[in-house]
K.L.:
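Have a look at this one before I ask anything.
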Amino acid sequence: TEQVLSLSYSKIFTENSSISISYQSENHAKKYYFPYYFTSLPSVTNQNPEINGKTFLWSNPSVNTASVLYDREFKDHTILAGIDYIDQSYESLNILSEDGAILIRSIFDVDKIKQMNDISFFILDNYRINASQEIDLGFRVNYNSKYNTTASPSLSFKTPINNYLYRVNFSQSYRSPSLKELYYSFGDHPGGFPIIGNSDLSPSSSDYYSLSVESLKRKNNSLEIYFNDVSNMIANRFEDLSEDIPTIVYRYHNYKSVQLYGLNLNTQFSPSRKMQIKSTYSFTNANSQYDDILDGISAHSINLELKYKFN
């Protein structure tokens with residue numbers, strides 16, 4: 001079962017300032033029902049036993065998020081400041097038979113609740129140098145209850161040249177491992193291999209650089225080239241459970257140094273008044289000592305959208 005609650009509030013103080021507040025709570029409960037829990041299972045000698053079952057809660061992950069955003073415009077600046085808060089909890093229980101045998105094991109192997117929270121403060125200044133040129137300067141401070149406090153700056157500059165809008169961007173980002181990535185243990189995964197968390201994971205950080213060109217004459221026509229230098233990238237890989245246990249598991253892992261690079265090309269054109277075609281092409285590649293870093297990621301992808309008006 002899934003329960004989602006969302007609340008939001010916004011208020012405009014003046015023409016130049018406003019505030020918005022949002023809150024969301026997500027609760028997912030996975031349960032198992034055993035129809036013959038208090039009776040014997042069907043057999044050759046007892047083909048129609050009485051159904052006398054019981055429902056058990058097996059896992060209950062929940063995420064609560066809240067944010068406050070305040071913006072104010074004055075002279076050549078638009079300031080956006082805010083707070084983001086994320087609270088995670090994950091409860092998982094062993095399901096036992098009446099005689100104490102484990103029917104379904106907790107993803108943590110034992111009955112346990114894991115909790116973690118993040119809070120971040122950020123500010124962004126959009127400075128209009130003149131009628132056509134802008135600079136965005138941002139700064140974010142993030143605190144995680146398990147890891148250290150970090151600071152992440154960002155900077156971008158855009159300017160028009162000969163009917164094209166050029167944008168240069170640099171930003172740093174930081175991501176803490178999730179509870180699932182840290183503690184998950186699902187030996188009976190239906191894919192045929194156990195999925196195992198890694199409590200020794202470190203947070204991931206990255207330096208992102210990009211250059212984009214957007215046509216000012218043709219709507220939704222742009223090209224972006226990017227380079228992302230990632231430290232301690234968090235991803236899954238197949239490996240032995242341990243040196244003594246050669247069982248293959250799918251475990252979360254830190255890839256110490258990964259350089260991702262690629263491009264995104266967006267085009268839109270109309271062959272006729274009634275027809276419109278949009279396309280997005282993406283190329284992704286990586287430099288890394290790990291051969292499996294791009295498993296599950298397509299080097300080339302394309303998405304086409306066709307719209308036609310019959311009237």
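Positions are given from 1 along the sequence.
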K.L.:
Is the backbone of Asn232 close enough, under 3.5 Å, to the side chain of Asn254 for a donor and an acceptor to pair up by distance?
P.N.:
yes
K.L.:
So, is the end of the Lys114 side chain (NZ or CZ) under 6.0 Å from the ring centre of Tyr183 and within 45° of the ring's axis?
P.N.:
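Yes.
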K.L.:
Using 4.0 Å as the upper bound for N to carboxylate O, is an ion pair formed by Arg175 and Glu181?
P.N.:
yes
K.L.:
Ignoring hydrogens, what is the shortest heavy-atom contact between Ala235 and Tyr255? Give both atom names and the distance.
P.N.:
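Result for this residue pair: CB-CE1, 3.6 Å.
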K.L.:
State whether a side-chain donor-acceptor pair under 3.5 Å links Thr280 with Asn266.
P.N.:
yes
K.L.:
Within the 3.5 Å criterion, strictly below it, is a donor on Asn94 or Ser106 matched to an acceptor on the partner's side chain?
P.N.:
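Result is no, nothing qualifies.
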K.L.:
Salt bridge check, Arg128 against Glu73: does any charged N sit closer than 4.0 Å to a carboxylate O?
P.N.:
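Answer for the salt bridge query: yes.
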K.L.:
State, without any angle test, whether Ser18 and Asp71 hold a side-chain donor-acceptor pair at a distance under 3.5 Å.
P.N.:
yes
K.L.:
Are the ring centres of Phe310 and Tyr308 closer than 6.0 Å?
P.N.:
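They qualify: ring centres under 6.0 Å apart.
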K.L.:
With sequence neighbours left out, write down each residue that passes side-chain hydrogen bond (donor to acceptor under 3.5 Å, both in side chains) with Asp136, or none if nothing qualifies.
P.N.:
Asn126, Ser156
K.L.:
Will you find, in the side chains of Ser89 and Gln115, an N or O donor that is under 3.5 Å from an N or O acceptor?
P.N.:
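There is no such pair between these side chains.
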K.L.:
Are Tyr127 and Ile79 in one and the same hydrophobic cluster, where Ile, Leu, Val, Met, Phe, Trp and Tyr link if side-chain heavy atoms are under 4.5 Å apart?
P.N.:
no
K.L.:
Mind checking whether Phe170 and Tyr209 have ring centres under 6.0 Å apart?
P.N.:
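Ring-ring flag for Phe170/Tyr209: true, centres closer than 6.0 Å.
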K.L.:
Do the side-chain N and O atoms of Gln133 and Thr159 include a donor-acceptor pair separated by under 3.5 angstrom?
P.N.:
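Looking only at side-chain atoms, Thr159 and Gln133 do form a donor-acceptor pair, the distance falling under 3.5 Å.
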K.L.:
Can you see whether Ser22 engages Ser8 through a side-chain donor-acceptor pair at a distance of less than 3.5 angstrom?
P.N.:
no
K.L.:
With no hydrogens and no angle check, do the side chains of Asn27 and Gln3 hold a donor and an acceptor under 3.5 Å apart?
P.N.:
no
K.L.:
State, without any angle test, whether Glu214 and Ser212 hold a side-chain donor-acceptor pair at a distance under 3.5 Å.
P.N.:
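Absent: no donor and acceptor within the cut-off.
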K.L.:
May I ask you to check whether Tyr37 and Phe56 place their ring centres under 6.0 Å from each other?
P.N.:
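Yes, the ring centres sit under 6.0 Å apart.
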K.L.:
Ser132 and Asn130: side-chain donor and acceptor closer than 3.5 Å?
P.N.:
yes
K.L.:
Got a second to check how far Leu182's CG is from Ser199's OG, nearest 0.5 Å?
P.N.:
7.5 Å
K.L.:
Ignoring hydrogens and angles, state whether a donor on the side chain of Ser152 or Arg140 is under 3.5 Å from an acceptor on the partner side chain.
P.N.:
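Checked: Ser152/Arg140 side chains show no N/O donor-acceptor pair below 3.5 Å.
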K.L.:
Looking only at the side chains, is there a donor atom on one of Gln259 and Asp229 sitting less than 3.5 Å from an acceptor on the other?
P.N.:
yes
K.L.:
Side chains of Asp118 and Asn144: is there a donor and an acceptor less than 3.5 Å apart?
P.N.:
yes
K.L.:
Using only heavy-atom distances, determine whether the side chains of Ser25 and Asn64 contain a donor-acceptor pair under 3.5 Å.
P.N.:
yes
